[in-house]
Every structure is written in structure tokens, then in C-alpha cells.
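Here is the structure we will look at.
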Amino acid sequence: NYGVMPQVVGEFVTPDCDLMFVLYLPVWIEDVGFSVPKHVSGYEDFVNDCWSMESRCRKWKYAYLTVKRLFVEPGCLGGRLGWHTDGFGTEDVSYIWADADPTEFCVQSFDLSEDHNLSMRQMDEQALPQNIVRFNACDIIRIDARHVHRCPENPRAGYRTFARVSFSN
């Protein structure tokens, strides 16, 4: 069931920082434990909030932190272009957050192939502009593979911080 409405589960604010580009940093590994390294300690509350919410739902083997603070502008978005889902074909769950120009969602039914490359083309072809939903900056949004989304196509020029905690088995 693709194209369902995601759920806002909270709000997070972090102090401004210099440029940052951290992708899939392990913060939880089953049988090893939980650790947020110093260089991303400004996101420890975000990680803890997500962990607190998600660990009540199910047991996970891994949790990863992604933080991107980049200069964005139309045509230079700092993330994956076009409509897509995170964890396509998996049961992974993510919590996403942005301090400006939040992720856009398309809330409608989609008929998608199980091939991830073909499915992204199908999402682009099927997405209807009237079904685009935008949440507020600083909202924490829980998503899974059913939530069709994209980076905003026309962000205002300036610095944008995006953070994600991903849970996977």
C-alpha cells in the first residue's frame, strides 16, 4: 500500500552548525549497544527521541544516523531527486527531520513494480500535484517504505539541515 499519509511524532530543534555530511552512521548495533559519537552529539536528543518511540514498536538490530547540513538551492537539493520511498521492499522505519524546506509527500494510491528503478519512474508518472503534502520545519516524521516522498524541488537558497534515524534488521 504505497502513498499513505506519514505521521508527525514530535518536534526537534538543534543549534546551527558548520557544514556536515554524515551518512548511515551506526548508533545502535544489537549485541554491541548504543553510542552517539561526539562529532554528532548535537543530534543525541533526536536519536534518543526516535529510539524511545521506535523501540516500543519492535526490536531492531541496527539504527543509523544521517545528518546533512548543506547549502541548497533550486537544482541543487542535497538529496535524492524525484519521488521515492526509503527502504523500498523492506520493513525498515525512518524518522526524518529538516530545519527548512521539509520533505514533500505524495499521499495517494500508487501502482508500483517491485523493481526499485522502474518503481521510481512510476512514482514520477503517477504522482498528482494536488496530493502533495508538506509538513512544518522541525517536525519529526515517522516513515516507512509505504511513504512516497521527495526533496522539495524549489528550496529557498541557503543552508538546510536534514537528519534521519533509520531502523533496520
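Keep in mind the model is a prediction, meaning the values are calculated, not measured. Numbers for residues simply follow the sequence, beginning at 1.
- Classified by interplanar angle (parallel below 30°, tilted 30° to 60°, perpendicular above 60°), the ring pair F105/F135 is perpendicular.
- Counting non-hydrogen atoms of neighbouring residues, nucleotides and ligands closer than 6.0 angstrom, the OH atom of Y62 reaches no more than 12 such neighbours.
- Its side chain outside the 4.5 Å cluster rule for every partner, L118 clusters with none of the Ile, Leu, Val, Met, Phe, Trp and Tyr residues.
- Legend: residues meeting salt bridge (Lys or Arg N to Asp or Glu O under 4.0 Å) with E73, ordered by chain and number and at least two apart, are absent.
- Going from atom CD1 of I96 over to atom OG1 of T103 covers 3.5 Å, rounded to the nearest 0.5 Å.
- Counted within 6.0 Å of NE2 on H39, heavy atoms from surrounding residues, nucleotides or ligands total more than 12; the atom is thus considered enclosed.
- Ring centroid separation for the pair F88 and Y2 comes in under the 6.0 Å cut-off.
- Counting heavy atoms from C-beta outward, V67 and T161 have side chains that approach closer than 4.5 Å.
- Taking 4.0 Å as the cut-off between side-chain N and carboxylate O, D99 and R69 count as a salt-bridged pair.
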Would M123 and T85 satisfy side chain to side chain contact (heavy atoms under 4.5 Å, CB included), going step by step from the backbone distance to the final call? CA-CA 9 Å; M123 287 179 223; T85 69; 4.0 Å; yes

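- Aromatic ring orientation, Y95 versus F167: perpendicular (interplanar angle above 60°, classes split at 30° and 60°).
- Within a 6.0 Å radius of CZ in R134, other residues, nucleotides and ligands contribute more than 12 heavy atoms.
- The NZ atom of K68 sits 6.0 Å away from the SG atom of C151 when rounded to the nearest 0.5 Å.
- For the side-chain hydrogen bond (donor to acceptor under 3.5 Å, both in side chains) test, residues two or more places apart in sequence or in another chain that qualify with N131 are Q108.
- For F110, there are no ring-ring contact (aromatic ring centres under 6.0 Å, His included) partners two or more places apart in sequence or in a different chain.
- Atom CG of D49 sits about 13.0 Å away from atom CD of E54, to the nearest 0.5 Å.
- Applying the under-4.5 Å side-chain rule to Ile, Leu, Val, Met, Phe, Trp and Tyr, the cluster around Y159 extends to L19, F71.
- Under the 4.5 Å side-chain criterion, counting only non-hydrogen atoms from C-beta, L25 is in contact with V40.
- Here the side chains of I141 and W97 are not in contact, with every heavy-atom distance at 4.5 Å or above.
- Within the 4.5 Å cutoff, side-chain heavy atoms of V47 are placed close to those of V27.
- Applying the salt bridge (Lys or Arg N to Asp or Glu O under 4.0 Å) test to residues at least two apart or on different chains, the pairs with a partner in residues 158-169 are D86-R164.
- Placement of Y43 and I140 within a single hydrophobic cluster is found when ILVMFWY residues are connected by side-chain heavy-atom separations under 4.5 Å, directly or transitively.
- Rounding to the nearest 0.5 Å gives a distance of 8.0 Å between CG of L70 and SG of C76.
- Applying the salt bridge (Lys or Arg N to Asp or Glu O under 4.0 Å) test to R150 and every residue at least two apart in sequence or in another chain returns E104, E153.
- The number of heavy atoms from other shown groups lying within 6.0 Å of CZ (F34) is above 12.
- Distance check, rounded to the nearest 0.5 Å: CG of D124 to CG of L81 gives 9.5 Å.
- Counting heavy atoms from C-beta on, the side chains of M5 and V133 come closer than 4.5 Å.
- In this structure, the side-chain contact (heavy atoms from CB on, under 4.5 Å) partners of S168, at least two apart in sequence or on a different chain, are Y64, D92.
- The local environment of CG in N117 is crowded, with over 12 non-hydrogen atoms from other residues, nucleotides or ligands closer than 6.0 Å.
- Every residue was checked against the salt bridge (Lys or Arg N to Asp or Glu O under 4.0 Å) condition with D139, not counting sequence neighbours, and none meets it.
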With side chain to side chain contact (heavy atoms under 4.5 Å, CB included) as the criterion, how do R142 and H147 come out once you've worked through the C-alpha distance, each side chain's angles and the decisive distance to 0.1 Å? CA-CA 9 Å; R142 184 185 189 273; H147 300 107; 5.9 Å; no

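- The salt bridge (Lys or Arg N to Asp or Glu O under 4.0 Å) test applied to D144 returns R146, not counting sequence neighbours.
- Taking 4.5 Å as the limit, every side-chain heavy atom of F46 sits out of range of all side-chain heavy atoms of V36.
- Annotation for E91: atom CD does not count as buried by contact number, only 12 or fewer foreign heavy atoms lying within 6.0 Å.
- Taking the six-membered ring for Trp, W60 and W28 have ring centres at least 6.0 Å apart.
- The distance from the CG atom of L65 to the SG atom of C50 is 9.0 Å, given to the nearest 0.5 Å.
- The shortest non-hydrogen separation linking G78 to V72 is N-CG1, 4.4 Å.
- P102 meets the side-chain contact (heavy atoms from CB on, under 4.5 Å) test with A137; sequence neighbours excluded.
- With sequence neighbours excluded, no residue satisfies side-chain hydrogen bond (donor to acceptor under 3.5 Å, both in side chains) with R121.
- For S119 and S113, the side-chain atoms include no donor-acceptor pair closer than 3.5 Å.
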